[in-house]
There are 2 protein chains.
Amino acid sequence: MRIGQLAQRTGTSPRLLRYYEEQGLLVAERSGNGYRDYDERYVERVRQIRGLLESGLPTRVIKQILPCISQPGAIYVSDATPETIATLEQERDRMTERIQFLVRNRNAIAAYLDAVRSTRSEDIGSDSVGAAAE
Amino acid sequence: MRIGQLAQRTGTSPRLLRYYEEQGLLVAERSGNGYRDYDERYVERVRQIRGLLESGLPTRVIKQILPCISQPGAIYVSDATPETIATLEQERDRMTERIQFLVRNRNAIAAYLDAVRSTRSEDIGSDSVGAAAE
DNA sequence: TCAAACCCTTCCATTTATGTGAAGGTCAAG
DNA sequence: CTTGACCTTCACATAAATGGAAGGGTTTGA
């Protein structure tokens, strides 16, 4: 598929996909006319890039971990240098920390919202106490 | 405590803490001489700011959610406008998505590392198969 | 007491990372 | 032969953070 369609299917823009290629994150094949040519797997790959970026990982790191987690089977296990492995272990641990941190804070927000809900319903009376729960 | 000490205890710099104050993220009390005066709770607050920023949340959002999750008891429940509540609900959900995404990818990395480990040990022989497991 | 270390504000410039806009040209299909 | 999608390239935008200088007050400890 061409760049426009991939952009559409991933909710991004052609511009952004070209930018990712420039950054070495998402290098496309080329068809005869010079157009970028993406196959189906690129859809998921773009989503992963977006997600990792939104989770605060820098492109430098994404570039390293993406080839390892894009392959369904661990076919490409061989091309892992010791440095890459070290990076991966480090990032795995960083992600674990980040997850714990986010869970704690998400729960704090949720708790606050619950508290607000009870306060509100106390203020108003006794109506709709459990309404609109998650 | 003064700004230098807070910086030291949070692994940041005075410069950054002043910057956060400028951004409305971390407004300090002032003692008589004009020096910023931080109490113990600011340590955790700084860590929360750092963590949320590293997790990809913009300052605009952090500014809104921080007052709600900093209070141990939900004392300050009252000063929540409907818009704030909407933001909080939205961010709670976004964080949930982010958590799920991170867990999936962290697990993918972990699985890859495990695969590498088995491959390596197959290559070498039968030694140290289950060593250094998480 | 006095110097070093710390603090203050303000201003301005720069860096890094992520992303967007637009100009000028090519390709393909109706 | 026009329209729309694509190409490259250069410039610009935004957010977070850093650095430094000017110019001046405060604390601390030798």
Side-chain angles (χ1 to χ4, degrees), chain A residues 1-39 42-43 45-66 87 91 94-95 98 101-102, chain B residues 1-39 42-43 45-66 87 91 94 98 101-102 105:
Chain A
M1 93 189 76
R2 300 198 306 200
I3 198 170
Q5 201 188 341
L6 181 60
Q8 217 172 351
R9 292 200 34 200
T10 56
T12 62
S13 67
R15 185 68 184 84
L16 185 65
L17 299 177
R18 291 195 197 100
Y19 168 72
Y20 285 161
E21 176 160 315
E22 194 181 308
Q23 301 303 305
L25 283 181
L26 191 78
V27 181
E29 304 291 308
R30 296 298 177 120
S31 34
N33 53 16
Y35 285 15
R36 289 172 182 81
D37 186 28
Y38 303 92
D39 68 37
Y42 279 81
V43 175
R45 210 174 150 96
V46 171
R47 296 215 176 100
Q48 274 177 319
I49 292 171
R50 293 299 313 151
L52 292 171
L53 280 169
E54 278 168 18
S55 301
L57 279 81
T59 55
R60 176 184 49 80
V61 170
I62 297 177
K63 216 182 300 184
Q64 270 193 294
I65 73 180
L66 205 52
T87 303
E91 288 308 316
R94 283 178 58 87
M95 283 169 84
R98 214 169 283 216
F101 178 86
L102 280 172
Chain B
M1 94 190 74
R2 301 198 304 202
I3 197 170
Q5 202 187 342
L6 181 60
Q8 216 173 351
R9 293 203 31 203
T10 56
T12 63
S13 65
R15 184 74 180 77
L16 185 65
L17 299 177
R18 291 196 196 100
Y19 169 72
Y20 284 161
E21 177 160 313
E22 194 182 308
Q23 301 302 307
L25 282 180
L26 191 77
V27 180
E29 304 291 309
R30 296 299 176 121
S31 35
N33 54 15
Y35 285 16
R36 288 174 182 80
D37 186 27
Y38 303 93
D39 67 37
Y42 279 81
V43 176
R45 212 175 149 96
V46 171
R47 297 215 176 100
Q48 273 177 320
I49 292 170
R50 293 298 315 152
L52 292 171
L53 280 169
E54 278 169 19
S55 301
L57 280 81
T59 55
R60 177 184 49 79
V61 170
I62 296 177
K63 215 182 301 182
Q64 271 192 294
I65 73 180
L66 206 52
T87 304
E91 288 307 318
R94 283 177 58 87
R98 218 169 282 214
F101 181 86
L102 279 173
N105 283 279

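Convention: sequence-line order gives letters A, B, ...; per-chain numbering from 1.
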C:dC27 phosphate, OP1 or OP2, under 4.0 Å from A:R30 side-chain N/O: no
Sugar-phosphate, base or nothing in reach of A:R18, heavy atoms under 4.0 Å: base
Flag side-chain contact, heavy atom, 4.5 Å: B:T12 against B:Y19: no
D:dC6 phosphate, OP1 or OP2, under 4.0 Å from A:R36 side-chain N/O: no
Backbone N/O of B:G11 and side chain of B:R50: donor-acceptor pair under 3.5 Å: no
Most 5' of B:E21 and B:Y35 on DNA chain C, judged by nearest nucleotide: B:Y35
Any A:N33 side-chain N or O less than 4.0 Å from OP1/OP2 of D:dC6: no
Side-chain donor or acceptor of A:R36 paired with backbone N/O of A:L17 under 3.5 Å: no
Letter per nucleotide, 5' to 3', of nucleotides 16-21 of chain D [B base touched, S only sugar-phosphate touched, - untouched; heavy atoms, 4.0 Å]: BBBB--
Stepwise side chain to side chain donor-acceptor pair (under 3.5 Å) check, B:Y42 with B:R9: CA-CA 10 Å; B:Y42 279 81; B:R9 293 203 31 203; over 6 Å; no
Inter-residue atom distance B:L52.CG - B:T59.OG1, 0.5 Å rounding: 11.5 Å
Electrostatic pair A:E21:A:R18 at N-O distance under 4.0 angstrom: no
